[in-house]
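A quick write-up on the structure given underneath.
Naming convention: chains lettered A, B, ... in sequence-line order (proteins, then strands); numbering from 1 in each chain. Hydrogens, waters and symmetry mates play no part in the numbers below; they use all other heavy atoms, side chains included.
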Amino acid sequence: MVPLLVALLFLCLGAEAVDRSNFKTCEQSSFCKRQRELKPGQSPYRALLDTLELSDSRITLQLINDNNKVRLLLELYRLHGNMTRVKINELKPLKPRYEVPDVLITDPPTEPMTLVAQDENGLVLSLGVDEQRVIVSARPFRLDIVEGPTVLLSLNSRGLLTFEHLRLRKDTKHDADAEDGGGSENAEQAEDEDEQAVKEEEDKPGMWEETFKTHSDSKPNGPSSISLDFSFPGVDHVYGIPEHADTLKLRNTDGGDPYRLYNLDVFQYELHNLMALYGAVPVIISHNTERTMGIFWLNAAETWVDISSSTAGKTVFGKMMDFVQGSSEVPQTDVRWISESGIIDVFVLLGPTPNDVFAQYASLTGTQAFPSLSTLGYHQCRWNYNDKEDVKTVDEGFDKHDIPCDFIWLDIEHTDGKRYFTWDPHKFAQPKEMLQGLMDKKRKMVAIVDPHIKVDSGYNINNEIRSKSFYVKTKDGADYEGWCWPGNSGYPDFTNPEMRAWWASKFAYDQYEGSMENLFIWNDMNEPSVFNGPEVTMHKDALHGSWEHRDVHNIYGLYVQKATSEGLIQRSGGVERPFVLTRAFFAGSQRYGAVWTGDNAAEWGHLKISIPMCLSLGLVGISFCGADVGGFFKHPSTELLVRWYQAGAYQPFFRAHAHLDTPRREPWLFGPDNTALIREAVRQRYALLPFWYQLFYNAYRTGQPVMRALWVEYPKEPATFVIEDEYLLGKDLLVHPVTDEGAKGVTAYLPGKGEIWYDVHTFQKHKGAQNLYIPVTMSSIPVFQRGGSIISRKNRVRRSSTCMENDPYTLYVALSPQGTAEGEIYIDDFHTFNFEKEKQFIHRHLHFSDNTLSSNNLAPDSNFSTAAWIEKVIIMGATQPTSISLIAADGTKSAVEFEFDSAASVLTLRKPGVNAGADWTVLLQ
Amino acid sequence: MQSSPHSSVPTSSVKALPVICFLYLSFHVCTERQFYEENKPFTCLDGSRTIPFDRVNDDYCDCRDGSDEPGTAACPNGSFHCTNAGFRPTFIPSSRINDGICDCCDTTDEYNSGAKCENTCKELGQKEHEVLQKMAEITKEGFLLKQQLIQEAKNRQQEKQSKLTELQNNKKELEEKVEALRTVKETAEQPEKEAKELHLKAWEEQKAIIRAEKDKAKMAEAFLELDDDADGFVAVAELQTHAELDTDADGTVSETEAQGLLGGVDHVDTASFEKVWDNIKDKYVSEPVEPAPVDTPPEESNKLADNDSEQYPSDDDVQEEEEEDEEEDDYPEEDFDKVRKLNITMYVSYSQSYIVLCRYIYKLCPFNRVSQKPKYGGSETNLGTWGTWAGPEDNKYLLMKYEHGTGCWQGPNRSTTVKLTCGKETTVMSTSEPSRCEYLMEFTTPAVCQEPEAVISSLHGHDEF
């Protein structure tokens, strides 16, 4: 196996660190270069106000480019939930332009707009609420969304709207005109204008063909890029547009390359640059102390995003003048989107709060899939567990060292020659025996299924795809082939719904031989990765039906995960929740499972960056995020490994993974002391599983991120706006993992003036709105619970989450300075869709005030019973009561024993014993 | 659910507790109910607090050390004792109580989880017994093979040694002859005679000491041999088995004869045996050993050797004993010599061993190198050359480390760990690559077989249950 792999690896992964020359700069991407050459100024576009059509659901209006007389059609929608949709397409394109399907969960419901005013300079439309208006200026064309006197957002205010209309190639145009009397529709529409102007537009380099390194892009449709600028007055913090290995707050891109969104398999990616990575979510979120808004740019083609902030761009002299005179200017952030093809389809999410923005975006693209409880446990992965025996040994290792674990993973080597859906006949001869062995321990497995299919006439998956003509095609209509793990591979066209249905059917238990109900799936390499393709991906002129790969590139990975996820749902007859991990993603990927930050490295910088990377994903709907614990490439020091476990235990997706070339690093291989440290971190994770589960239920219902940037909960506290070394879980736990080598302490910012934070390990109280220095040792994981919250834990940590299902809860009540607290508890069967279909769940509100703690039903129409009960209540910040009584649902009253630690002000209620699903009240007297 | 003799413990949510045992610290003492006196307040074993007895095993953790909940999963640091009658008792973390997974073969850990466990202790006990027995057999045979190998090696060594000695002796003789002739020539007759007498006298004294010591040693050995029941006494019956001690020449040792030999008593201890020994030592026939090498002047050596061979005719069993001695006494630098011994054994037993797995042939040449070669042609890859013994402190000869093999792409140099286990054959059982370019070979050979006694005693240990 060694020489074969070496040969393969060598093809694609020949360098020590990222080879930047493998990937395009804006300058090397001809449309980006063309677009970026256009500087802010007078826009050539003019709104033709006499074309205005106003219906209940939308207005339409034509725009004309005065330089080339090409007309565009503007559609404006007022969407339910305080959103505005702006769509711009060519009025009569030469051929249809790609509009991204399958991302929006429904056709977004509209609300009526009314025309408030109109004159020859423009029109004013009312958006219905809060004196919100859309002002359409005619010459030059521009849109402003205002609320009262305040401009919230302007479109094309810098005149960067560009729409490269589809055209015929000049050398073929004459012939086309001759053959087809009608000629170009574009020309037709411009017939009453100046014909000459149209013809004067010069072809620029790269419009009709482009080469990068040895790869040529034939561009049969010519130039098709689009661009639009947005200005946020009063804003100097913007976030989002993952995936980049960079800071949470987006940087000013003046003078450098823009942020790039183009799903790529980047070997050994670098930190702190704006190169594209594996996934793309074209959503940007603006924030200031007054308002949070979002822009969702629904386009799946290669996209670049320029960000400039007018304050950051100021000269030193200008800043000095501000200092001397006092700044009268408001800051402003300008964002410019550039995409290679498709149309302009923009959703303006008007907030005004962060949670409003999350709800708005969720109403468009859906919320996080609610994962089964076990997937929130610990995952043990490695490229590769060698064989069945190896898996068994690792499984036993967790028991031997008393470390909980829910999943063991198999990477590509488990297959028969990288033929997915198969098993290596020697190493994994009896997969069901192996899976049964794990099932007996209430553990599960994930196997990798990648979307590249070995071209091999002896491989039935390949034969079926080929015979059904489901492969992506080359521009000439042959099956597209590229190199990946199996050697020469075909790439199924996942944009084709029939292909996806077929793919999903392959996960049926009778189709996927050796699979069982505790086998779940990992989709890697779905950018797609093509080792010998341009930028290690697919040629842009490859064809997905009638669409070019250029149009669909960024959504390919989403479709792979979607089809796989649907396959897992179908195999259980729609009963069981699926679990699919993906590397590539797009807007809406949250609906299909988990995402990880790809092939990181065993370096402290990579540990640190995992926080802003997952926070950014959380802001745009993808909550189930994690980074490879320990780092994928290279060999972590023991200290780094331990710190990574401690950090990973408090991130949503908790999986250790390692490259084939690295020494083994299962948690018990570094001596008893480190084993104990890792065990403790994993146990903290398992104790908190009820809280994690409830947070994911909340994310599923509301779109609110599980792992949150501090500013999301403290939007009026500027000190939180750039924090990315700590974060909140929900709104109640603040986590500041140790991410520095040899750290003796960390400084955590505890937000919230007037708030109290309790150290979860010592129950020590700290005031909010301060920087707190916390001395740390190797066992420290600084975590704080917000005063005013109730968090439930299960302190009986067992070998897997499934073993803990009926175990009792301990409630951690952290009192606010006002002596109140509240929280939730959510319970269901932890793995099926019955919570959704049959309303089989328990959702309760826990509330403490006036010395009374009670549990009330939040979902009276739901129906579920649990064996779990309340074994203990710990009240932080309490005073000593004289007695405590419990009033059960039937009104019976009984005394509850308690202990009071006066030094720590912690009151512990011994064994209230009530069922976790019942109504009850505890009175402190 | 199992009914249990110990179910009288008051429990609220826990219905029946099969066993009340507790592991305190790491002492493996299962003290059923010793710490848990019914209806008396219970003091946590760490002494931290005292609680009413109805809080023992009430599914709530009161003691910081977990000692109040030996039968529930309430305490995070508790242990649960499985009696496992028919197999081996064991402690499991209390987090495995009622987790739906059968951990104790007697099913006692799952008394309230709904898990359907079957009592498998008997089968497990039987299986283990069989496995141990098989192991014992293998060890026994393997150990014999090892002895043979050692003997073969030793014979060769001895052959060479004796050849060497012969040559050296020849050389010495010749040298001595030359020396003697020169002496004759150079010295007068008188001084020569005097010197010779002095020398002889000294030698006689030394010889007497050596003889006495040897006699004492023989006596001790004889005592041990005679003391068949190992009770520390040689008894009449035990002497009677030695027909050669017959005093009245009737071919058997009668009770009276034996008593006579023992100085009129029924049995003697080691101290009194000294006198008995004087009576019987000339006749006593033991299983003989080869003469112990004793340094003697050339002229005395023949006589001494004859004397010894009379009493100790050669026999294989004693040979073995002697080897034990050799191992323990003659080789104070134990490590070095054990290694040498193993080396010799393995060199003798084979020159190389290999295994074919998938597309590769893995080859082990002990103390030389490990290599991998594609089955269908292609060049050989070095997986490491002989480095060191790498087993645990108490038995480092269980692991061999071969290092500095061919470098790996983006990785370390290849290396191989060879795990040695006792077996009848010398062969590579399996090869794997747990970590990239770090290979693991399992290799069986009689060379590492231990004395069967050790194995058998462990077998008997388990028989008790």
Side-chain angles (χ1 to χ4, degrees), chain A residues 1-7 9-10 13-14 16 382-387 389-390 393 399 402 404 424-427 440-443 633-635 658-666 669 683 686-687 795-800 802-808 867 869 871-872 897 899 910-911 913, chain B residues 12-13 49 51-52 55 58-62 69 72-79 92-103 110 112-115 357-360 372-374 378-379 381 383 405-412 414-415 430-440 442:
Chain A
M1 69 212 103
V2 178
L4 183 72
L5 259 176
V6 169
L9 281 166
F10 209 78
L13 317 169
E16 275 294 311
R382 173 175 183 82
W383 176 24
N384 214 102
Y385 286 119
N386 294 330
D387 51 28
E389 296 313 307
D390 199 358
T393 309
D399 288 344
D402 204 14
D424 185 298
H426 304 287
K427 296 183 260 173
D440 291 344
K441 295 276 195 69
K442 303 202 177 185
R443 292 198 175 117
F633 290 112
K634 304 188 179 171
H635 180 42
H659 190 275
L660 187 69
D661 286 335
T662 60
R664 295 290 281 239
R665 54 166 101 131
E666 285 70 50
L669 295 176
R683 289 174 73 108
Y686 274 75
N795 287 330
R796 304 182 180 191
V797 172
R798 301 190 188 251
R799 68 182 120 200
S800 76
T802 310
C803 297
M804 296 164 62
E805 282 178 1
N806 293 322
D807 280 338
W869 48 286
E871 75 172 324
K872 196 190 275 192
E897 298 219 19
E899 274 176 46
R910 187 189 191 279
K911 212 178 176 188
Chain B
S12 43
S13 46
R49 64 190 297 189
I51 55 171
R55 294 198 179 168
D58 70 339
D59 206 17
Y60 184 91
C61 191
D62 291 286
E69 298 292 319
T72 79
C75 293
N77 49 349
S79 280
I92 59 168
S94 61
S95 65
R96 292 178 197 169
I97 300 171
N98 291 325
D99 68 348
I101 299 163
C102 312
D103 289 287
E110 297 299 317
N112 199 18
S113 70
L357 282 175
C358 300
R359 299 187 301 273
Y360 292 97
Q372 173 201 52
K373 200 178 168 180
S379 62
T381 308
L383 304 186
T406 312
C408 255
W409 181 81
Q410 276 235 330
R414 288 176 176 78
S415 64
S430 71
T431 303
S432 59
E433 192 183 353
S435 231
R436 189 111 165 102
C437 304
E438 291 175 12
Y439 296 82
L440 178 69
E442 293 194 47

**Message:** Given heavy-atom pairs under 4.5 angstrom as the criterion, report whether the side chain, backbone, both or neither of R665(A) touches chain B.
**Reply:** neither
**Request:** Check each atom of R799(A) against the heavy atoms of chain B and say whether the ones under 4.5 Å are side chain, backbone, both or neither.
**Result:** side chain
**Prompt:** Relative to chain A, which segment of P76(B) carries a heavy atom at a distance below 4.5 Å: side chain, backbone, both, or neither?
**Reply:** both
**Item:** Residue part contacting chain B, namely of T802(A), when any heavy atom lies under 4.5 Å
**Value:** neither
**Prompt:** Can you name the closest pair of heavy atoms from Y60(B) and K872(A) and give their distance?
**Reply:** OH-CE, 3.2 Å
**Asked** Do you know which of E899(A), E897(A), H635(A) has the most heavy-atom pairs with chain B at a distance under 4.5 angstrom?
**Response** E897(A)
**Asked** Of the listed residues (C803(A), A867(A), P808(A)), which shares the most heavy-atom pairs with chain B below a 4.5 Å separation?
**Response** C803(A)
**Request:** Kindly compute the distance separating CD (E433(B)) from CG (L660(A)), expressed to the nearest 0.5 Å.
**Result:** 7.0 Å
**Message:** With rounding to the nearest 0.5 angstrom, report the CG to OG distance, D661(A) to S435(B).
**Reply:** 9.5 Å
**Complete:** For S95(B) and D402(A) the tightest heavy-atom approach is OG-OD1, 4.1 Å
**Fill in**
Correct closest heavy-atom pair for P434(B) and R664(A) would be O-NH1, 2.6 Å
**Request:** Could you tell me which portion of N806(A) (side chain, backbone, both or neither) has an atom closer than 4.5 angstrom to a non-hydrogen atom of chain B?
**Result:** neither
**Request:** Name the member of P425(A), P663(A), A658(A) that forms the most heavy-atom pairs with chain B at distances under 4.5 Å.
**Result:** P663(A)
**Item:** Among the listed options D399(A), D807(A), N384(A), N795(A), the residue most often paired with chain B at heavy-atom distances under 4.5 Å
**Value:** D399(A)
**Prompt:** Does R796(A) come within less than 4.0 Å of D59(B), counting only side-chain N to carboxylate O?
**Reply:** yes
**Request:** Keeping the roles fixed (side chain from K911(A), backbone from D58(B)), state whether a donor-acceptor pair exists under 3.5 Å.
**Result:** yes
**Prompt:** Under a 4.5 Å heavy-atom cut-off, does chain B meet the side chain of E805(A), its backbone, both or neither?
**Reply:** neither
**Fill in**
Here the gap from R910(A) atom CZ to R55(B) atom CZ, rounded to the nearest 0.5 Å, amounts to 4.0 Å
**Prompt:** Which region of E666(A), side chain (C-beta onward) or backbone (N, CA, C, O), has a non-hydrogen atom less than 4.5 Å from a non-hydrogen atom of chain B, or is it both or neither?
**Reply:** neither
**Request:** Inspect the contact between D99(B) and R798(A) and indicate whether a charged nitrogen and a carboxylate oxygen are less than 4.0 angstrom apart.
**Result:** no
**Message:** Could you report the tightest heavy-atom contact between I101(B) and D440(A), atom names first, then the distance?
**Reply:** CG1-O, 3.5 Å
